[in-house]
Number of protein chains: 2
Amino acid sequence: MPKVGMEPIRRAALVKATITEIGRTGSLDVTVSKIAKRAGMSSALAHHYFGSKEQIFLAAMRHILTLYGAEVRGALAAADGHEERLRAVVRASFGTGSFRREVAGAWLNFYVLAQTQADARRLLSVYQRRLKSNLLHDLKPLIGERADVVALGVGAMIDGLYIREVLKGGTPDGAAAANLVWGHLRREMGVAA
Amino acid sequence: MPKVGMEPIRRAALVKATITEIGRTGSLDVTVSKIAKRAGMSSALAHHYFGSKEQIFLAAMRHILTLYGAEVRGALAAADGHEERLRAVVRASFGTGSFRREVAGAWLNFYVLAQTQADARRLLSVYQRRLKSNLLHDLKPLIGERADVVALGVGAMIDGLYIREVLKGGTPDGAAAANLVWGHLRREMGVAA
DNA sequence: GTTTATGTTGATTGATGAGTCAATAAACTT
DNA sequence: AAGTTTATTGACTCATCAATCAACATAAAC
C-alpha cells in the first residue's frame, strides 16, 4: 500500500535499524538486507533511499551525534555557573540517550569506520571538538592554562568508559560513570582553586 | 626451497603481518591473502598453519598482549616503592612496544572483535584484569578503599588515549600520554595522603 | 483518464574472499 | 632407495552481498 511521503519515515526506520543491528552484532559486518529487514522493507528500497551502505552508516552516525548534541544542549540550558555547567556536560555524556549498549556498541564501531572513511572521521572530530570546547569554556575560568590538559584527560576517560561499557555485559550505569568522571574533575579543580 | 622447521617462522611472520595489515587498513576487513602476501607466502599456507582467519587474529592479539605484559614486567622490575611502581605501570602502558599507530589500531579492532568472539573477549579481560590488579596492588596501600574507583578511572583513561591516538594522525607521543595519566594519579593520591 | 512522480520488490549480476584439495618438492628416516 | 613427513602453491568451490534493473502499484497532476 504505497502512500506518498514515505521517505522520511523509511529513512528514520533504516537509521534506527542500523544502530540496533550494529550494536547487536557488535560489528560493521551487517548486511543491508538485515538492516532493511529489521526496518521492515526490502534491501532494494534501502538502496533506493540511501544509495549505498556507506551513506546508511553515515546517516546513523549523524543521528547518534544529533542525539548526543541535543542531550548536552538540554542539560546546559538548565545549568548555571561554571561548575554546574561542567557537571551537566559530564552527565549528558552518560545520559540514557547515548549511554546504552547498542548505541555505545555502534559508537565503538564508528570509531573503526573513521579510520577508513573521511566523512566518518570528520563527524567524529566534530564530536571531539564540541566536547572539548564545552569543557574548556567552563574550565578555563576555573583552572586557567591547565584546562587544556584536563579537558583532554576527561575526554579520554569518557571514551574509555564507553568502550568498557560495551565489553562488560549487563545494564549500563550512567550515573556511576558520570560520578567517576565528575569526581576526577572536581579534584582537578579543587587543587587549582 | 622447502626447508624443515619453517612453522614458527611462518607463524611469527603471519602474526606480524596481521598486525601491520589491520593497523594500516584500520579494520578487521583484511583478507587472508593480503596478510599472507605481506608475510611472503600464499594464502593456502596461512590456512595450513592457522586453520582459519579467526585463529590468525587471536594469535595476533595474544602477541600484542605478550608484548605489553613483557613491557610492564620489565618496568616493574626496575621500580621500587608504591609510587614508583605505579609510575612504571603507567609508563609501560605507553611504551614504544604498544603505543604505536599500527598496534593501537589493531588494538582498537580487537575491542570490536571481542564483541563477537568469546576467545577474544577472554583475552581482553585478561589484559583488563592484569592492569587493574597491578594498579590496585600499589594504590590500596596509598589511598585505601578509594583505590578501586581510581583504578577504574585510570584504566578508562588509558584506553581512551589509545583510541584518540589511533584517530589523530602524526607520531604518537607516549611520554605526553603517560604524563597526563600520571598527573591524574598523583593528584588522586595527593588528596588522600 | 492519461501522464507523471513516488513507492516497492524479486530476481539478477558481478565481485570478492574463506577454506579445500590435489599435486609437487625438498628434507629426514630406516 | 623407498617411504614418510613437512613445506608449498595454483586452481577450484561455494557462499555471501552490494548494487542494479525491470516490473508493477498507487497516488497526484493536468
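Chain letters run A, B, ... following the sequence lines, proteins first and then strands; every chain starts at 1. None of the values given here were measured: they were computed from a predicted structure. Values reported hereafter were calculated over all heavy atoms of this structure, with side chains retained and with hydrogens, waters and symmetry mates removed.
Ion pairing between B:R11 and B:E7 holds under the 4.0 Å rule for side-chain N and carboxylate O. Under a 4.0 Å N-O distance rule, the pair A:E188/B:R187 qualifies as a salt bridge.
Distance from the side chain of B:A44 is smallest for C:dT20 among the nucleotides D:dC21, C:dT20, D:dA19. Here C:dT8 is the nucleotide among C:dT9, C:dT8, D:dT8 with the atom lying nearest to any side-chain atom of A:H48. Closest approach to the B:K53 side chain among D:dA7, D:dA27, C:dG19 is made by C:dG19 (side chain taken as heavy atoms from C-beta onward). The nucleotide whose nearest atom lies closest to any side-chain atom of A:M6 is, among C:dG7, D:dT6, C:dC21, C:dG7.
Applying the side chain to side chain donor-acceptor pair (under 3.5 Å) test between A:E21 and each of A:R38, A:K34, A:K16, A:K37 identifies A:R38 as the sole match.
Hydrophobic clustering of Ile, Leu, Val, Met, Phe, Trp and Tyr side chains at less than 4.5 Å, counting indirect connections, keeps B:V90 apart from B:L67. When hydrophobic clusters are built by joining Ile, Leu, Val, Met, Phe, Trp and Tyr residues whose side-chain heavy atoms come closer than 4.5 Å, directly or via intermediates, A:V126 is not grouped with A:V112.
Counting only residues at least two apart or in different chains, side-chain hydrogen bond (donor to acceptor under 3.5 Å, both in side chains) contacts with residues 160-174 of chain B comprise A:D159-B:R164, B:E165-B:K168.
Helical stems of DNA chain D (runs of at least 3 Watson-Crick or G-U pairs, donor-acceptor distances under 3.5 Å) are listed by first residue: C:1-30 with D:1-30.
Distance, A:F50 CZ to D:dC17 C1': 19 Å, rounded to whole Å. Atom CD1 of A:I56 and atom C1' of D:dA19 are 11 Å apart (whole Å). At whole-Å resolution of the value, CD in B:E21 and P in C:dG17 are 11 Å apart. When rounded to the nearest whole Å, the span between CG of A:L45 and C1' of D:dA22 equals 16 Å.
For NE2 of A:H82, the number of neighbouring non-hydrogen atoms (other residues, nucleotides, ligands) closer than 6.0 Å is greater than 12. Other residues, nucleotides and ligands contribute at most 12 non-hydrogen atoms within 6.0 Å of the NE2 atom of B:H63.
Of all non-hydrogen atoms in A:L139 and A:A147, the two that sit nearest each other are CB-CB, 3.8 Å.
Between B:R10 and D:dT6 there is no side-chain polar atom (N or O) within less than 4.0 angstrom of OP1 or OP2. A close approach under 4.0 Å does occur between a side-chain nitrogen or oxygen of B:Y49 and OP1 or OP2 of D:dA7.
Non-hydrogen atoms lying under 4.0 Å from DNA chain C are contributed by B:V30, B:T31, B:V32, all within residues 26-42 of chain B.
Residue A:S52 is in sugar-phosphate contact alone, with no base atom involved, counting any heavy-atom pair closer than 4.0 Å across all strands shown.
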